[in-house]
Amino acid sequence: MGDSSGSVSVDVERIFFGGKEHRVRTRHGSLSVSVYGDEDKPALVTYPDVALNHMSCFQGLFFCPEAASLLLHSFCVYHITPQGHELGAAPISADVPVPSVDDLADQVADVLDFFSLGSVMCLGVTAGAYVLTLFATKYRERVLGLMLVSPVCKAPSWSEWLYNKVLSNLLYYYGTRGLVKESLLQRYFSMDVRGNGQDPESEIVQACRSLLDERQGANVWRFLQAISRRHDLTESLKKLKCRTLIFVGENSQFHADAVHMTTKLDRRYCALVEVQACGSLVTEEQPHAMVIPMEYFLMGYGLYRPSQQESSPRSTLSPFCISPELLSPESMGVKLKPIKTRISLNV
(Lines give C-alpha, C1' and ligand atoms only; values in the text may rest on other atoms or scores of the structure.)
Protein backbone atom coordinates (compact mmCIF):
# COMPACT_ATOMS: atom_id res chain seq x y z
CA MET A 1 0.00 0.00 0.00
CA GLY A 2 2.27 2.78 -1.21
CA ASP A 3 3.74 4.44 1.90
CA SER A 4 5.89 2.86 4.56
CA SER A 5 4.60 2.64 8.10
CA GLY A 6 6.96 5.34 9.32
CA SER A 7 6.05 7.93 6.70
CA VAL A 8 2.35 7.16 7.02
CA SER A 9 2.50 7.72 10.79
CA VAL A 10 4.01 11.17 10.31
CA ASP A 11 1.48 12.08 7.63
CA VAL A 12 -1.43 10.87 9.77
CA GLU A 13 -0.41 13.02 12.73
CA ARG A 14 -0.02 16.05 10.49
CA ILE A 15 -3.31 15.46 8.67
CA PHE A 16 -5.38 14.23 11.61
CA PHE A 17 -4.45 17.10 13.90
CA GLY A 18 -4.15 19.64 11.10
CA GLY A 19 -7.65 19.30 9.65
CA LYS A 20 -9.82 22.32 9.09
CA GLU A 21 -12.87 22.70 11.30
CA HIS A 22 -16.05 24.22 9.87
CA ARG A 23 -19.24 25.36 11.58
CA VAL A 24 -22.06 24.23 9.33
CA ARG A 25 -25.51 25.73 9.79
CA THR A 26 -28.20 23.14 9.15
CA ARG A 27 -31.98 23.27 9.29
CA HIS A 28 -31.74 21.76 12.81
CA GLY A 29 -28.88 23.75 14.32
CA SER A 30 -25.18 24.16 13.61
CA LEU A 31 -22.63 21.33 13.55
CA SER A 32 -18.87 21.06 13.75
CA VAL A 33 -17.38 19.28 10.73
CA SER A 34 -13.64 18.56 10.55
CA VAL A 35 -12.22 18.10 7.06
CA TYR A 36 -9.01 16.18 6.40
CA GLY A 37 -7.28 15.69 3.08
CA ASP A 38 -7.58 16.82 -0.52
CA GLU A 39 -11.11 18.06 -1.20
CA ASP A 40 -10.76 17.01 -4.85
CA LYS A 41 -10.83 13.37 -3.75
CA PRO A 42 -14.01 11.33 -3.20
CA ALA A 43 -15.70 12.08 0.12
CA LEU A 44 -15.84 9.82 3.18
CA VAL A 45 -18.33 11.01 5.81
CA THR A 46 -17.99 9.71 9.37
CA TYR A 47 -20.39 9.84 12.31
CA PRO A 48 -19.43 8.69 15.85
CA ASP A 49 -21.31 6.89 18.62
CA VAL A 50 -22.99 8.51 21.63
CA ALA A 51 -20.70 10.78 23.72
CA LEU A 52 -17.84 10.46 21.21
CA ASN A 53 -16.39 12.68 18.49
CA HIS A 54 -13.96 11.86 15.70
CA MET A 55 -10.96 12.13 18.03
CA SER A 56 -12.31 9.51 20.43
CA CYS A 57 -14.10 7.31 17.87
CA PHE A 58 -11.88 7.19 14.78
CA GLN A 59 -8.38 8.15 15.92
CA GLY A 60 -7.35 4.52 16.40
CA LEU A 61 -8.40 3.66 12.85
CA PHE A 62 -6.63 6.60 11.28
CA PHE A 63 -3.51 6.02 13.38
CA CYS A 64 -3.35 2.42 12.15
CA PRO A 65 -0.74 2.84 9.35
CA GLU A 66 -2.36 0.42 6.88
CA ALA A 67 -5.86 1.85 7.38
CA ALA A 68 -4.58 5.42 7.21
CA SER A 69 -2.74 4.73 3.97
CA LEU A 70 -5.87 3.19 2.46
CA LEU A 71 -8.38 5.82 3.61
CA LEU A 72 -6.33 9.01 3.37
CA HIS A 73 -5.00 8.00 -0.04
CA SER A 74 -8.51 7.37 -1.33
CA PHE A 75 -10.68 10.00 0.34
CA CYS A 76 -11.13 13.45 1.69
CA VAL A 77 -12.58 12.76 5.13
CA TYR A 78 -15.48 14.77 6.58
CA HIS A 79 -15.90 14.03 10.29
CA ILE A 80 -19.35 15.10 11.48
CA THR A 81 -19.51 15.77 15.20
CA PRO A 82 -22.93 15.54 16.91
CA GLN A 83 -24.11 18.85 18.32
CA GLY A 84 -22.27 19.75 21.49
CA HIS A 85 -19.76 16.89 21.24
CA GLU A 86 -16.84 18.95 19.92
CA LEU A 87 -13.93 19.85 22.23
CA GLY A 88 -14.72 22.81 24.43
CA ALA A 89 -18.45 22.78 23.61
CA ALA A 90 -20.75 24.71 25.92
CA PRO A 91 -23.97 23.15 27.22
CA ILE A 92 -26.81 23.44 24.72
CA SER A 93 -29.69 25.50 26.06
CA ALA A 94 -32.62 23.55 27.49
CA ASP A 95 -34.85 25.74 25.28
CA VAL A 96 -33.45 24.10 22.12
CA PRO A 97 -35.67 21.16 21.07
CA VAL A 98 -34.13 17.69 21.18
CA PRO A 99 -33.67 16.56 17.56
CA SER A 100 -35.28 13.42 16.18
CA VAL A 101 -33.21 10.83 14.34
CA ASP A 102 -34.75 12.11 11.11
CA ASP A 103 -33.47 15.58 12.01
CA LEU A 104 -29.99 14.11 12.47
CA ALA A 105 -30.16 12.41 9.06
CA ASP A 106 -31.32 15.67 7.46
CA GLN A 107 -28.34 17.41 9.04
CA VAL A 108 -26.04 15.04 7.14
CA ALA A 109 -27.73 16.08 3.89
CA ASP A 110 -27.23 19.75 4.84
CA VAL A 111 -23.52 19.09 5.46
CA LEU A 112 -23.18 17.55 2.00
CA ASP A 113 -24.91 20.57 0.50
CA PHE A 114 -22.63 22.96 2.39
CA PHE A 115 -19.53 21.32 0.89
CA SER A 116 -21.18 20.81 -2.53
CA LEU A 117 -20.76 17.04 -2.26
CA GLY A 118 -22.73 14.67 -4.46
CA SER A 119 -22.59 10.98 -3.52
CA VAL A 120 -20.40 9.91 -0.62
CA MET A 121 -19.03 6.90 1.21
CA CYS A 122 -20.19 6.64 4.83
CA LEU A 123 -18.52 5.27 7.97
CA GLY A 124 -20.49 5.21 11.23
CA VAL A 125 -20.31 3.58 14.66
CA THR A 126 -23.44 2.29 16.50
CA ALA A 127 -25.63 5.40 16.98
CA GLY A 128 -23.69 7.09 14.16
CA ALA A 129 -24.17 3.98 12.02
CA TYR A 130 -27.93 4.25 12.58
CA VAL A 131 -27.94 7.94 11.56
CA LEU A 132 -25.99 7.23 8.36
CA THR A 133 -28.15 4.20 7.53
CA LEU A 134 -31.28 6.32 7.98
CA PHE A 135 -29.65 8.97 5.80
CA ALA A 136 -29.02 6.30 3.15
CA THR A 137 -32.68 5.24 3.18
CA LYS A 138 -33.89 8.84 2.88
CA TYR A 139 -31.29 10.06 0.36
CA ARG A 140 -30.41 6.90 -1.54
CA GLU A 141 -28.86 8.71 -4.49
CA ARG A 142 -26.34 10.41 -2.18
CA VAL A 143 -24.82 7.25 -0.66
CA LEU A 144 -22.44 5.06 -2.64
CA GLY A 145 -21.51 2.69 0.17
CA LEU A 146 -21.90 2.10 3.90
CA MET A 147 -19.17 0.91 6.27
CA LEU A 148 -20.92 0.33 9.59
CA VAL A 149 -19.39 -0.61 12.94
CA SER A 150 -21.63 -2.39 15.48
CA PRO A 151 -24.76 -0.90 13.91
CA VAL A 152 -28.35 -0.90 15.11
CA CYS A 153 -31.38 -0.70 12.82
CA LYS A 154 -34.32 -1.75 15.01
CA ALA A 155 -36.25 0.37 17.49
CA PRO A 156 -34.90 -0.05 21.04
CA SER A 157 -35.99 -3.15 22.90
CA TRP A 158 -37.72 -2.66 26.25
CA SER A 159 -34.49 -3.53 28.07
CA GLU A 160 -32.45 -1.06 26.02
CA TRP A 161 -35.12 1.60 26.43
CA LEU A 162 -35.14 1.15 30.22
CA TYR A 163 -31.33 1.10 30.36
CA ASN A 164 -31.12 4.29 28.30
CA LYS A 165 -33.81 5.89 30.45
CA VAL A 166 -31.78 5.32 33.62
CA LEU A 167 -28.58 6.44 31.87
CA SER A 168 -30.32 9.57 30.56
CA ASN A 169 -31.49 10.54 34.04
CA LEU A 170 -27.99 10.10 35.44
CA LEU A 171 -26.53 12.08 32.53
CA TYR A 172 -28.98 14.90 33.00
CA TYR A 173 -28.24 15.37 36.70
CA TYR A 174 -24.63 14.19 37.09
CA GLY A 175 -22.97 14.41 33.66
CA THR A 176 -20.46 11.90 32.25
CA ARG A 177 -19.04 10.85 35.60
CA GLY A 178 -19.07 7.81 37.85
CA LEU A 179 -21.59 5.16 36.82
CA VAL A 180 -22.41 6.96 33.56
CA LYS A 181 -18.80 6.87 32.44
CA GLU A 182 -18.42 3.20 33.35
CA SER A 183 -21.63 2.36 31.46
CA LEU A 184 -20.38 4.15 28.36
CA LEU A 185 -17.01 2.39 28.52
CA GLN A 186 -18.83 -0.96 28.75
CA ARG A 187 -20.82 0.07 25.68
CA TYR A 188 -17.63 0.72 23.71
CA PHE A 189 -15.03 -1.82 24.84
CA SER A 190 -14.63 -5.49 25.67
CA MET A 191 -13.63 -6.70 29.13
CA ASP A 192 -10.20 -7.60 27.71
CA VAL A 193 -9.20 -3.93 27.44
CA ARG A 194 -11.34 -2.48 30.24
CA GLY A 195 -9.24 -4.38 32.76
CA ASN A 196 -10.16 -6.17 35.97
CA GLY A 197 -8.67 -6.82 39.36
CA GLN A 198 -5.61 -8.49 37.83
CA ASP A 199 -5.08 -6.73 34.49
CA PRO A 200 -4.81 -2.95 34.21
CA GLU A 201 -7.01 -0.82 31.97
CA SER A 202 -5.57 -0.42 28.46
CA GLU A 203 -4.29 2.91 27.15
CA ILE A 204 -7.17 3.28 24.69
CA VAL A 205 -9.71 2.97 27.51
CA GLN A 206 -7.75 5.40 29.67
CA ALA A 207 -7.68 7.90 26.78
CA CYS A 208 -11.41 7.51 26.20
CA ARG A 209 -12.10 7.90 29.93
CA SER A 210 -10.17 11.18 29.87
CA LEU A 211 -12.04 12.47 26.82
CA LEU A 212 -15.40 11.65 28.41
CA ASP A 213 -14.48 13.96 31.28
CA GLU A 214 -14.59 16.86 28.83
CA ARG A 215 -18.05 16.05 27.49
CA GLN A 216 -21.06 18.11 28.58
CA GLY A 217 -23.60 15.73 30.11
CA ALA A 218 -26.57 17.75 28.86
CA ASN A 219 -25.31 17.52 25.28
CA VAL A 220 -24.74 13.77 25.48
CA TRP A 221 -28.23 13.45 26.99
CA ARG A 222 -29.72 15.09 23.88
CA PHE A 223 -28.02 12.66 21.50
CA LEU A 224 -28.97 9.67 23.65
CA GLN A 225 -32.57 10.89 23.77
CA ALA A 226 -32.71 11.06 19.97
CA ILE A 227 -31.24 7.57 19.54
CA SER A 228 -33.53 6.13 22.22
CA ARG A 229 -36.52 7.35 20.18
CA ARG A 230 -35.32 5.84 16.91
CA HIS A 231 -37.68 3.92 14.66
CA ASP A 232 -37.28 0.55 12.97
CA LEU A 233 -35.44 0.65 9.63
CA THR A 234 -35.86 -3.04 8.81
CA GLU A 235 -38.33 -2.58 5.96
CA SER A 236 -36.39 0.36 4.52
CA LEU A 237 -33.20 -1.73 4.38
CA LYS A 238 -34.69 -3.85 1.62
CA LYS A 239 -34.69 -0.82 -0.67
CA LEU A 240 -31.00 -0.08 -0.23
CA LYS A 241 -28.87 -0.90 -3.26
CA CYS A 242 -25.54 0.48 -2.07
CA ARG A 243 -22.94 -2.00 -0.88
CA THR A 244 -22.70 -2.39 2.89
CA LEU A 245 -19.77 -3.67 4.93
CA ILE A 246 -20.60 -4.35 8.60
CA PHE A 247 -18.07 -4.87 11.39
CA VAL A 248 -18.98 -6.03 14.88
CA GLY A 249 -16.97 -7.26 17.84
CA GLU A 250 -18.01 -10.67 19.08
CA ASN A 251 -18.31 -9.21 22.59
CA SER A 252 -20.30 -6.16 21.49
CA GLN A 253 -23.60 -5.36 23.20
CA PHE A 254 -24.92 -4.84 19.66
CA HIS A 255 -23.75 -8.12 18.16
CA ALA A 256 -27.30 -9.48 17.71
CA ASP A 257 -28.39 -6.19 16.14
CA ALA A 258 -25.57 -6.35 13.58
CA VAL A 259 -26.45 -9.93 12.64
CA HIS A 260 -30.13 -8.98 12.35
CA MET A 261 -29.27 -6.08 10.07
CA THR A 262 -27.18 -8.33 7.85
CA THR A 263 -30.07 -10.76 7.39
CA LYS A 264 -32.40 -7.93 6.31
CA LEU A 265 -30.09 -6.36 3.74
CA ASP A 266 -29.83 -7.69 0.20
CA ARG A 267 -27.27 -10.49 0.52
CA ARG A 268 -25.80 -9.57 -2.87
CA TYR A 269 -24.65 -6.22 -1.48
CA CYS A 270 -23.71 -6.97 2.13
CA ALA A 271 -20.99 -8.71 4.15
CA LEU A 272 -20.55 -9.03 7.91
CA VAL A 273 -17.13 -9.19 9.56
CA GLU A 274 -17.07 -10.41 13.16
CA VAL A 275 -13.94 -9.42 15.06
CA GLN A 276 -12.87 -11.80 17.79
CA ALA A 277 -12.09 -10.61 21.34
CA CYS A 278 -13.47 -7.15 20.64
CA GLY A 279 -16.26 -4.87 21.85
CA SER A 280 -18.38 -2.43 19.85
CA LEU A 281 -15.75 0.21 19.13
CA VAL A 282 -13.73 -1.81 16.61
CA THR A 283 -12.25 1.41 15.20
CA GLU A 284 -10.37 1.90 18.48
CA GLU A 285 -9.98 -1.57 19.95
CA GLN A 286 -9.01 -3.61 16.87
CA PRO A 287 -8.65 -1.18 13.90
CA HIS A 288 -6.15 -3.41 12.10
CA ALA A 289 -8.88 -6.08 11.73
CA MET A 290 -10.78 -3.68 9.46
CA VAL A 291 -8.03 -3.20 6.89
CA ILE A 292 -8.32 -6.27 4.64
CA PRO A 293 -12.14 -6.21 4.40
CA MET A 294 -12.04 -2.48 3.60
CA GLU A 295 -9.45 -3.08 0.89
CA TYR A 296 -11.69 -5.63 -0.84
CA PHE A 297 -14.74 -3.45 -0.32
CA LEU A 298 -13.09 -0.39 -1.89
CA MET A 299 -11.68 -2.44 -4.77
CA GLY A 300 -15.25 -2.69 -6.03
CA TYR A 301 -15.22 1.08 -6.53
CA GLY A 302 -11.81 1.19 -8.19
CA LEU A 303 -10.30 2.94 -5.16
CA TYR A 304 -7.82 0.27 -4.11
CA ARG A 305 -5.62 -1.50 -6.66
CA PRO A 306 -2.93 -3.62 -5.00
CA SER A 307 -1.23 -4.26 -8.35
CA GLN A 308 -1.17 -0.53 -9.20
CA GLN A 309 -0.06 1.21 -6.04
CA GLU A 310 0.63 4.47 -7.81
CA SER A 311 -2.80 4.75 -9.41
CA SER A 312 -4.82 7.89 -8.89
CA PRO A 313 -7.00 8.00 -5.76
CA ARG A 314 -9.50 10.14 -7.67
CA SER A 315 -11.17 7.26 -9.43
CA THR A 316 -14.87 7.85 -9.98
CA LEU A 317 -17.01 6.28 -7.28
CA SER A 318 -19.61 4.65 -9.48
CA PRO A 319 -21.84 1.77 -8.39
CA PHE A 320 -21.52 0.44 -11.93
CA CYS A 321 -17.86 -0.35 -11.12
CA ILE A 322 -18.94 -2.96 -8.57
CA SER A 323 -17.75 -6.46 -9.34
CA PRO A 324 -20.46 -8.97 -8.33
CA GLU A 325 -17.80 -11.39 -7.08
CA LEU A 326 -16.74 -8.82 -4.46
CA LEU A 327 -20.21 -8.73 -2.97
CA SER A 328 -20.03 -12.23 -1.48
CA PRO A 329 -18.46 -12.94 1.93
CA GLU A 330 -16.15 -15.49 0.27
CA SER A 331 -14.51 -12.66 -1.67
CA MET A 332 -13.55 -10.86 1.52
CA GLY A 333 -10.59 -13.19 1.96
CA VAL A 334 -11.64 -14.26 5.45
CA LYS A 335 -13.20 -17.35 6.99
CA LEU A 336 -16.84 -17.82 5.96
CA LYS A 337 -19.58 -18.69 8.42
CA PRO A 338 -23.27 -19.29 7.56
CA ILE A 339 -24.46 -15.70 8.10
CA LYS A 340 -21.38 -13.80 9.12
CA THR A 341 -17.75 -13.49 8.21
CA ARG A 342 -15.32 -13.95 11.08
CA ILE A 343 -11.95 -12.29 10.96
CA SER A 344 -9.29 -13.32 13.47
CA LEU A 345 -6.78 -11.12 15.25
CA ASN A 346 -4.03 -12.68 13.16
CA VAL A 347 -5.34 -11.20 9.91
*asked:* Taking salt bridge (charged side-chain N to carboxylate O under 4.0 Å, His left out) as the cut-off, I'd like each qualifying pair that reaches into residues 203-215, sequence neighbours left out, listed once.
replied: K181-D213, E182-R209, E201-R209
*Just by distance, do the side chain of S210 and the backbone of Q206 share a donor-acceptor pair under 3.5 Å?*
no
*For R187, does its backbone N or O pair with a side-chain atom of S280 as donor and acceptor, under 3.5 Å?*
yes
*Under 3.5 Å, is there a donor-acceptor pair between the side chain of T81 and the main chain of N53?*
no
*asked:* Tell me every residue that passes salt bridge (charged side-chain N to carboxylate O under 4.0 Å, His left out) with K238, counting only those two or more places apart in sequence or in another chain.
replied: E235
*Excluding sequence neighbours, so at least two apart, what forms ring-ring contact (aromatic ring centres under 6.0 Å, His included) with H231?*
none
*A277 to N251 - nearest heavy-atom pair and separation*: CA-ND2, 3.7 Å
_Restricting to non-hydrogen atoms, name the atom on L184 and the atom on A51 that form the minimum distance, rounded to 0.1 Å._
CD1-CB, 3.9 Å
*For side chain to side chain contact (heavy atoms under 4.5 Å, CB included), just list the numbers for V77 and F62, CA-CA rounded to whole Å, side-chain angles, deciding distance to a tenth of an Å, and then say yes or no.*
CA-CA 11 Å; V77 184; F62 282 88; 3.9 Å; yes
_Check: G279 main-chain N/O paired with E285 side-chain donor or acceptor under 3.5 Å_ = yes
*Under 3.5 Å, is there a donor-acceptor pair between the side chain of H85 and the main chain of Q83?*
yes
_I'd like to check the ring-ring contact (aromatic ring centres under 6.0 Å, His included) partners of Y130; sequence neighbours left out, ordered by chain and number._
none
_When you compare the side chain of R243 with that of C270, does any pair of heavy atoms fall below 4.5 Å?_
no
*What is the minimum heavy-atom distance between G60 and E284, and which atoms define it?*
N-OE2, 2.7 Å
*Could you give the distance from OH (Y47) to CG (L31), rounded to the nearest 0.5 Å?*
6.5 Å
*Roughly how far, to the nearest 0.5 Å, is the OG1 atom of T46 from the CZ atom of F58?*
4.0 Å
_From CG (L265) to OG1 (T244), nearest 0.5 Å_ = 5.0 Å
*If every non-hydrogen atom of S168 is compared with every non-hydrogen atom of W221, which pair is closest and at what distance?*
O-CD1, 3.1 Å
_CA sep, side-chain torsions, deciding dist, call: R23, S32, side chain to side chain contact (heavy atoms under 4.5 Å, CB included)_ = CA-CA 5 Å; R23 293 298 300 180; S32 174; 3.4 Å; yes
*asked:* Atom OH of residue position Y172 - does it have more than 12 heavy atoms of other residues, nucleotides or ligands inside 6.0 Å?
replied: no
Taking distance alone, no hydrogens or angles, what donor-acceptor pairs closer than 3.5 Å link side-chain atoms of residues 88-97 to residues at least two apart or in another chain?
residue, atom, partner, partner atom, Å
S93, OG, D95, N, 3.1

*Is D49 reaching over with its side chain to a backbone N or O of A127, donor-acceptor style, under 3.5 angstrom?*
yes
_Rounded distance [0.5 Å steps], CE in M121 versus CG in L132_ = 12.5 Å
*Looking only at non-hydrogen atoms, find the nearest pair between G37 and C76 and report the distance.*
O-SG, 3.8 Å
*Stepwise, does the side chain to side chain contact (heavy atoms under 4.5 Å, CB included) test hold for V111 with V45?*
CA-CA 10 Å; V111 168; V45 172; 6.0 Å; no
*Over 60° means perpendicular and under 30° means parallel, so classify the ring planes of H54 and H79, tilted if in between.*
parallel
*Are the side chain of S228 and the backbone of L224 linked by a donor-acceptor contact shorter than 3.5 Å?*
yes
_Nearest 0.5 angstrom please: M261 CE to L237 CG, how far?_
5.0 Å
*Taking T137 for its side chain and L134 for its backbone only, find out whether a donor-acceptor pair lies under 3.5 Å.*
yes
*Residues forming a ring-ring contact (aromatic ring centres under 6.0 Å, His included) with F254, sequence neighbours excluded*: none
*Residues in salt bridge (charged side-chain N to carboxylate O under 4.0 Å, His left out) contact with R25, at least two apart in sequence or another chain*: none
*Would you check if there is a donor-acceptor pair between the side chains of H288 and Q286 at a distance under 3.5 Å?*
yes
_Partners passing side chain to side chain donor-acceptor pair (under 3.5 Å) against T234 (at least two apart in sequence or in another chain)_ = D232, H260
_Checking the side chain of T126 only, and the main-chain atoms of V152 only, is there a donor and an acceptor separated by less than 3.5 Å?_
no
_Could you walk me through whether Y78 and V120 satisfy the side chain to side chain contact (heavy atoms under 4.5 Å, CB included) test, starting with their C-alpha distance in whole Å, then the side-chain angles of each, then the deciding distance to 0.1 Å, before giving a yes or no?_
CA-CA 10 Å; Y78 297 80; V120 300; over 6 Å; no
*Residue pairs passing the salt bridge (charged side-chain N to carboxylate O under 4.0 Å, His left out) test where at least one lies in residues 146-169, sequence neighbours excluded*: E160-R230
*Indicate yes or no for a side-chain donor-acceptor contact from D110 to the backbone of T26 under 3.5 Å, with no hydrogens or angles considered.*
no
_salt bridge (charged side-chain N to carboxylate O under 4.0 Å, His left out) involving D113 - partner list, sequence neighbours excluded_ = R142
_With rounding to the nearest 0.5 angstrom, report the CZ to SG distance, F189 to C208._
4.5 Å
*Test ring-ring contact (aromatic ring centres under 6.0 Å, His included) applied to F135 - qualifying residues, sequence neighbours left out*: Y139
*Just jot down the salt bridge (charged side-chain N to carboxylate O under 4.0 Å, His left out) partners of D192, sequence neighbours excluded, or say none.*
none
_Give me the atom names and distance for the closest heavy-atom approach of G249 to V282._
N-CG2, 3.8 Å
